[in-house]
Amino acid sequence: MSISSASEKHAFKTSIAAINADLHCHSVISDGTLTPEELAQRAFNNGVRLWSLTDHDVLGGQARARKAAENLGMNYLGGVEISITWMGQTVHIVGLGIDEQNPILSHGLIETRQGREKRAQQISDQLNQAGIPNAYQGALHFAGNPDLISRTHFARYLVEQGICSDIENVFKNYLVSGKPGYVSHRWASLEEAVHWIQSAGGKAVIAHPGRYNLNALQMDELYERFKDYGGAAIEVITGSHSPDQYISFAKVAQHYGFMASRGSDFHDPKESDVDLGMLPNLPDHLKPIWTAFH
Ligand code: AMP
Ligand code: MN
Ligand code: MN
Ligand code: MN
């Protein structure tokens with residue numbers, strides 16, 4: 001039977017938009033606390049039927065995530081979240097539908113990770129000067145992958161040491177601009193990240209656009225350049241956005257002709273406010289990024 005009437009077409013569109021897709025989360029391979037297999041199971045149990053593991057700057061969890069998803073009968077898109085520097089600020093670009101074997105993407109990420117090691121030593125030196133010794137070893141203890149030390153691992157160490165009550169508190173008093181343990185770092189460029197993702201056959205998505213310390217003009221410039229380089233989408237529904245931000249970033253997506261993505265940014269059952277799959281659907285009038293994949 002062909003889909004012919006306007007109302008049938010509408011119903012079809014709505015059902016695609018209403019797939020429970022969660023296209024942003026982290027495993028122990030970056031700064032999450034669950035394995036790719038545990039995440040797959042948790043996503044599936046929460047109703048997710050299209051999933052992507054998007055570890056920071058690393059592809060080491062992709063094969064495991066894909067296999068676990070397949071075993072559960074859940075659709076999977078290869079994913080990554082790349083750290084970039086834009087106008088002096090850190091911005092995150094998610095790549096979806098990527099081939100994790102692609103050498104251009106892999107090499108770009110290897111270089112990105114090498115910068116993390118030196119930065120971690122500098123963070124530790126600063127914390128030491130602030131009276132917090134052994135932070136490098138402490139953070140490393142929390143890192144599931146020594147190749148990927150992130151501020152999240154330092155944050156968990158500061159909580160463990162009783163220096164801060166929780167992770168949110170750490171990111172108010174440490175590891176951020178103007179506070180002990182902040183090391184300004186130069187990541188890849190926007191153009192490089194989009195190029196790596198596209199070289200690997202993926203679509204580039206601006207992660208949680210509501211989180212950046214950029215003014216309206218700078219955000220416009222980010223969207224324009226991202227579009228010029230071939231960027232495809234922005235996250236509209238994410239664990240980092242408030243309901244008001246769902247509305248404002250839906251407008252941004254429409255204005256620039258971006259597709260929209262949806263992802264919890266889940267890291268850990270206790271730390272993360274939003275669980276896998278537990279987000280509102282994308283607004284009906286936006287084109288879901290997953291319609292770009294077969
Ligand atoms: P890094 O890539 O090493 O700079 O670490 C960035 C990570 O720190 C993010 O991916 C988050 O997981 C975490 N993070 C940053 N800011 C916050 C915050 N305010 N609350 C909780 N986690 C945060
Ligand atoms: Mn993270
Ligand atoms: Mn992010
Ligand atoms: Mn993330």
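When a ligand or atom number is given, it counts from 1 through the structure's own listing order.
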Next item on the list: Establish, yes or no, whether the cationic atom of Arg151 lies under 6.0 Å from the six-membered ring centre of Tyr182 and within 45° of the ring axis.
Entry: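 Cation-pi check for Arg151 and Tyr182: fails.
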
Next item on the list: Determine, using the 4.5 Å side-chain heavy-atom cutoff (strictly less than), whether Leu59 and Val205 are members of one ILVMFWY cluster.
Entry: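 Linked within one cluster.
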
Applying a heavy-atom cut-off of 4.0 Å, say which part of [X] lies close to ligand 1: side chain, backbone, both or neither.
X: His267; answer: side chain
X: His56; answer: side chain
X: His26; answer: neither
X: Asp31; answer: side chain

Residue, atom name and distance, where the atom is the protein heavy atom closest to [atom]:
atom: atom 6 (C) of ligand 1; result: Arg151 NH2, 3.7 Å
atom: atom 2 (O) of ligand 1; result: Arg116 NH2, 2.9 Å
atom: atom 16 (N) of ligand 1; result: Phe171 CD2, 3.5 Å

No-hydrogen, no-angle side-chain donor-acceptor test under 3.5 Å, [X] and [Y]:
X: Ser52; Y: Thr54; result: no
X: Asp228; Y: Tyr223; result: no
X: Asp265; Y: His26; result: yes

Checklist line | Metal proximity, His26 vs the Mn ion (ligand 2), N/O/S cut-off 2.8 Å | finding: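 False for His26.
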
Item checked: N, O or S from His24 under 2.8 Å to the Mn ion (ligand 3) ->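 No, outside the cut-off.
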
Notebook entry, point to check: Can the ring centroids of His92 and His56 be said to lie less than 6.0 angstrom from one another?
Noted result: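 Yes: the rings meet the under 6.0 Å criterion.
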
Next item on the list: Applying side-chain hydrogen bond (donor to acceptor under 3.5 Å, both in side chains), run through Asp57 and Thr112 and close with a yes or a no.
Entry: CA-CA 7 Å; Asp57 306 321; Thr112 302; 5.0 Å; no

Next item on the list: Compute the angle centred on the Mn ion (ligand 3) spanning ND1 of His92 and OE2 of Glu81, and express it rounded to 10 degrees.
Entry: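 Approximately 80° at the metal, rounded to tens of degrees.
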
Check: For the Mn ion (ligand 2), what is the closest N, O or S atom on Asp31?
Finding: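 Of all N, O or S atoms in Asp31, the Mn ion (ligand 2) lies closest to OD2.
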
Note to self: Strictly distance-based, threshold 3.5 Å: is any side-chain N or O of Asp31 a donor or acceptor partner for the main-chain N or O of Thr152?
What the structure shows: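 Flag not set: sc Asp31 to bb Thr152 has no pair under 3.5 Å.
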
Next item on the list: Mark yes or no for whether Ser272, through its side chain, and Val274, through its backbone, hold a donor-acceptor pair below 3.5 Å.
Entry: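 Such a contact is absent between Ser272 side chain and Val274 backbone.
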
Check: Does Glu235 come within less than 4.0 Å of Arg262, counting only side-chain N to carboxylate O?
Finding: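 No, Glu235 and Arg262 are not salt-bridged.
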
Notebook entry, point to check: Is Glu38 salt-bridged to Arg42, cutoff N-O under 4.0 Å?
Noted result: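 Salt bridge between Glu38 and Arg42, a charged N being under 4.0 Å from a carboxylate O: no.
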
Item checked: Contacting atoms of ligand 1, where contact means under 4.0 angstrom from a heavy atom of Ser150 ->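 Selected atoms, number and element: 3 (O), 5 (O).
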
Margin query: Under 4.0 Å from a heavy atom of Thr152: which atoms of ligand 1 are those, numbered in the order shown and with their elements?
Written below: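 Every atom of ligand 1 under 4.0 Å from some heavy atom of Thr152: 7 (C), 8 (O), 11 (C), 12 (O), 13 (C).
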
Note to self: Using heavy-atom distances only, which candidate in Glu81, Glu168, Arg119 approaches atom 21 (C) of ligand 1 most closely?
What the structure shows: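 Nearest option to atom 21 (C) of ligand 1, by heavy atoms: Glu168.
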
Next item on the list: Work out whether the distance between some heavy atom of Lys172 and some atom of ligand 1 is less than 4.0 Å.
Entry: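 Flag not set, Lys172 not near ligand 1.
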
Note to self: For ligand 1 and His92, I'd like to know whether there is a polar contact (N/O to N/O, distance under 3.5 Å).
What the structure shows: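 Between His92 and ligand 1 (N or O atoms, distance only) the closest approach is not under 3.5 Å.
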
Checklist line | Nitrogen or oxygen atoms of Ser83 and ligand 1 under 3.5 Å apart | finding: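 So ligand 1 has no N or O lying under 3.5 Å from an N or O of Ser83.
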
